[in-house]
Colleague: 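First, the structure itself, so that you have it in front of you.
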Amino acid sequence: MYYIGIDIGSTASKYVVLNNEKNKILYKEVISSGWNSKETGRKIIEKLENLGYDRKESHITATGYGRIAVDFADKVITEITAHGKGAHFLGSKDKTVIDIGGQDTKIIVQNEERVVDFLMNDKCSAGTGKFLEVMANRLGLDLDEFFKMAKNGKDIELSSTCTVFAESEVVSLMGKGTKREDIASGVINSIVSKVSKLAQKKSDDGYFLTGGFSNNDYIMKCLEEKLDVDVQSHPDGRFAGAIGAAIL
């Protein structure tokens, strides 16, 4: 029996295959979520079947933004539960999990292997990956270029807390001739500040970062500075949701 976890995110979709004992990752991959979650799910299962993972010999669990669209899944679970379990598998133990997603940011409190509390940002995307994507596009950069520039910039403060207004503020700064490096640094500072304030409402003992930015050293460094406490992650941190889904 194979245990397959599929995490359909708003920007990227992750999926993993665990062995029968659920203690080893046999396969993992990230693909673009495209415009249609159902179509993305179909692409994933076709790829897995082509690799030899027979659906009849597998138990499939879906999570994430588009989990309901995975109509062939045997089970559907929330992102909160999946990320908590996946982070524990990756070594978070009882550290509070921070997941900066494309559409929302989640703070997940664990006790042993159980999720005991959580908090999500409000409906505004200003504290999410989408915020960074919008701002990078406005500066004519991809995300890798954006982070490289931010490292060399002087931090400036963005007064707007809404993505729409913040984008207008960035346009204004560009018009004034503000360096892109400084704007990029200010944007990173803005999102990290929002995530940190959210995280501190639930814990101050140590954190474990999952999601798309879990391997981003600059985000990790900025979070540690804001939280003034250790922030850890794992090379497979972005797969935490898919791993948790497979385990559960």
Side-chain angles (χ1 to χ4, degrees), residues 7 9-12 14 16 25 28 30 79-80 82-110 118-121 125-136 139 141-158 181-244:
D7 179 6
S10 59
T11 302
K14 291 74 63 179
V16 302
I25 298 174
K28 61 186 179 184
V30 181
E79 298 155 85
I80 302 292
H83 273 268
K85 180 65 72 173
H88 191 275
F89 175 90
L90 295 172
S92 72
K93 303 310 176 188
D94 287 341
K95 292 186 180 296
T96 296
V97 178
I98 300 175
D99 171 39
I100 304 175
Q103 294 290 342
D104 55 44
T105 293
K106 296 170 282 292
I107 310 300
I108 306 166
V109 182
Q110 304 178 96
F118 71 92
L119 184 65
M120 297 178 67
N121 67 325
S125 64
T128 69
K130 176 57 70 175
F131 179 75
L132 290 179
E133 186 179 318
V134 168
M135 297 306 163
L139 293 174
L141 304 168
D142 61 31
L143 284 176
D144 286 338
E145 294 169 331
F146 184 80
F147 282 112
K148 287 178 182 176
M149 281 204 168
K151 291 177 182 179
N152 298 317
K154 296 179 181 179
D155 197 12
I156 59 174
E157 186 174 345
L158 297 181
E181 292 90 334
D182 296 346
I183 297 174
S185 179
V187 168
I188 298 293
N189 179 64
S190 176
I191 187 171
V192 169
S193 293
K194 290 179 176 64
V195 172
S196 299
K197 288 176 183 177
L198 197 69
Q200 288 171 328
K201 291 180 180 180
K202 289 298 178 186
S203 174
D204 58 3
D205 294 332
Y207 300 89
F208 190 90
L209 187 63
T210 64
F213 296 111
S214 59
N215 300 132
N216 189 300
D217 292 338
Y218 187 59
I219 288 285
M220 295 268 289
K221 173 177 172 290
C222 291
L223 276 172
E224 286 187 329
E225 290 176 353
K226 291 287 185 185
L227 293 166
D228 194 27
V229 71
D230 183 43
V231 177
Q232 298 179 358
S233 189
H234 187 279
D236 289 332
R238 72 180 310 173
F239 291 96
I243 292 170

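Only heavy atoms go into these numbers, but all of them, side chains included; no hydrogens, no water, no symmetry mates.
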Colleague: Rounded to the nearest 0.5 Å, what's the gap from CG on Leu139 to CD on Glu181? Could you check?
Modeller: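 These two atoms lie 10.0 Å from each other.
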Colleague: With rounding to the nearest 0.5 angstrom, report the CD1 to CD1 distance, Ile100 to Ile219.
Modeller: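 Those atoms lie 5.5 Å apart.
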Colleague: How close do Ile188 and Leu132 get, heavy atom to heavy atom, and via which atoms?
Modeller: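 In terms of heavy atoms, the two residues are closest at CD1-CD2, 3.7 Å.
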Colleague: Taking only residues two or more places apart in sequence or in another chain, which ones pass side chain to side chain contact (heavy atoms under 4.5 Å, CB included) with Ser193?
Modeller: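 With sequence neighbours excluded, Ser193 shows a side chain to side chain contact (heavy atoms under 4.5 Å, CB included) to Asn189, Lys226, given in chain and number order.
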Colleague: For Asp228, does the CG atom have more than 12 heavy-atom neighbours from other residues, nucleotides or ligands under 6.0 Å away?
Modeller: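 Counting other residues, nucleotides and ligands, CG of Asp228 stays at 12 neighbours or fewer.
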Colleague: Identify, with sequence neighbours excluded, every residue that meets side-chain hydrogen bond (donor to acceptor under 3.5 Å, both in side chains) alongside Lys151.
Modeller: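 Lys151: no side-chain hydrogen bond (donor to acceptor under 3.5 Å, both in side chains) contacts found.
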Colleague: Excluding sequence neighbours, so at least two apart, what forms side-chain hydrogen bond (donor to acceptor under 3.5 Å, both in side chains) with Asp236?
Modeller: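 Once residues adjacent in sequence are excluded, the partners of Asp236 under the side-chain hydrogen bond (donor to acceptor under 3.5 Å, both in side chains) criterion are Lys28.
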Colleague: Taking only residues two or more places apart in sequence, or in another chain, which ones meet Glu145 in a salt bridge (charged side-chain N to carboxylate O under 4.0 Å, His left out)?
Modeller: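 Glu145: no salt bridge (charged side-chain N to carboxylate O under 4.0 Å, His left out) contacts found.
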Colleague: Taking atom OG1 of Thr210 and atom NE2 of His234, what is their separation to the nearest 0.5 Å?
Modeller: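 So the gap between those two atoms works out to 12.5 Å.
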Colleague: Tell me, please, which residues at least two apart from Lys14 pass side-chain hydrogen bond (donor to acceptor under 3.5 Å, both in side chains).
Modeller: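 Result, side-chain hydrogen bond (donor to acceptor under 3.5 Å, both in side chains) vs Lys14: none returned.
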Colleague: Say whether, by atom type as modelled, one donor and one acceptor occur between the side chain of Ser214 and the main chain of Ser233 under 3.5 angstrom.
Modeller: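 The answer is no, because no donor-acceptor pair under 3.5 Å joins these two groups.
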Colleague: Check salt bridge (charged side-chain N to carboxylate O under 4.0 Å, His left out) between Lys148 and all other residues, then give those that pass, not counting sequence neighbours.
Modeller: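 Scan of Lys148 (salt bridge (charged side-chain N to carboxylate O under 4.0 Å, His left out), adjacent residues dropped) gives none.
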Colleague: Determine the sole option in Leu227, Ile98, Asp99 for which the side-chain contact (heavy atoms from CB on, under 4.5 Å) test with Val195 is passed.
Modeller: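 The passing option is Ile98.
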Colleague: Holding to side chain to side chain contact (heavy atoms under 4.5 Å, CB included), I want the full list of residues that pass it with Asp230, two or more places apart in sequence or in another chain.
Modeller: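 Here the qualifying residues are Lys95, Glu224, Gln232.
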Colleague: I need the full list of salt bridge (Lys or Arg N to Asp or Glu O under 4.0 Å) pairs touching residues 214-223, with sequence neighbours left out, sorted by first then second residue.
Modeller: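 Sorted result for residues 214-223: Lys221-Glu225.
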Colleague: Could you list the residues that satisfy side chain to side chain contact (heavy atoms under 4.5 Å, CB included) with Lys197, not counting sequence neighbours?
Modeller: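 For Lys197, no residue satisfies side chain to side chain contact (heavy atoms under 4.5 Å, CB included) once neighbours in sequence are set aside.
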Colleague: Just jot down the side-chain hydrogen bond (donor to acceptor under 3.5 Å, both in side chains) partners of Ser92, sequence neighbours excluded, or say none.
Modeller: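 Testing Ser92 for side-chain hydrogen bond (donor to acceptor under 3.5 Å, both in side chains), a comparison that skips the adjacent residues, returns Gln110.
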Colleague: Calculate, to the nearest 0.5 Å, the distance between atoms NE2 and CD1 belonging to His83 and Ile243 respectively.
Modeller: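 Between His83 NE2 and Ile243 CD1, I get 10.0 Å after rounding to 0.5 Å.
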Colleague: Does atom CZ of Phe89 have more than 12 heavy-atom neighbours from other groups under 6.0 Å away?
Modeller: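 Yes, enclosed.
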Colleague: To check you understand the geometry: which heavy-atom pair defines the closest contact between Lys106 and Ile80, and what is its length?
Modeller: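 Taking every non-hydrogen atom into account, CD-CD1, 3.4 Å.
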Colleague: My understanding is that only residues two or more places apart in sequence, or in another chain, count here; which of them pass side chain to side chain contact (heavy atoms under 4.5 Å, CB included) with Thr96?
Modeller: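 Side chain to side chain contact (heavy atoms under 4.5 Å, CB included) list for Thr96, sorted by chain: Ile107, Val109, Ser203, Tyr207.
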Colleague: Quick one: closest heavy-atom pair of Gly241 and Asp7, and the distance?
Modeller: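 For Gly241 versus Asp7, the nearest heavy atoms are CA-OD2, 3.8 Å.
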Colleague: How long is the span from the CZ atom in Phe131 to the CG atom in Asn121, to the nearest 0.5 Å?
Modeller: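 Between atom CZ of Phe131 and atom CG of Asn121 there are 12.0 Å.
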Colleague: Within the side chain of Asp182, is there an N or O that forms a donor-acceptor pair under 3.5 Å with the backbone of Gly153?
Modeller: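 It does not hold such a pair.
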Colleague: So which atom in Tyr218 and which in Ser185 form the shortest heavy-atom distance, rounded to 0.1 Å?
Modeller: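 The pair with the smallest heavy-atom distance is OH-OG, 4.2 Å.
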Colleague: On a heavy-atom basis, which atom in Leu198 and which in Thr105 lie closest, and how many Å separate them?
Modeller: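 Leu198 and Thr105 have their closest heavy atoms at CD2-O, 3.9 Å.
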Colleague: Which heavy atom of Ala87 sits nearest to which heavy atom of Val97, and what is that distance?
Modeller: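 Distance-wise, the nearest heavy atoms are CB-CG2, 3.5 Å.
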Colleague: Starting at CG of Leu223, measure out to CG of Leu209 and round the result to the nearest 0.5 Å.
Modeller: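 Answer for the CG-CG pair, Leu223 versus Leu209, is 6.0 Å.
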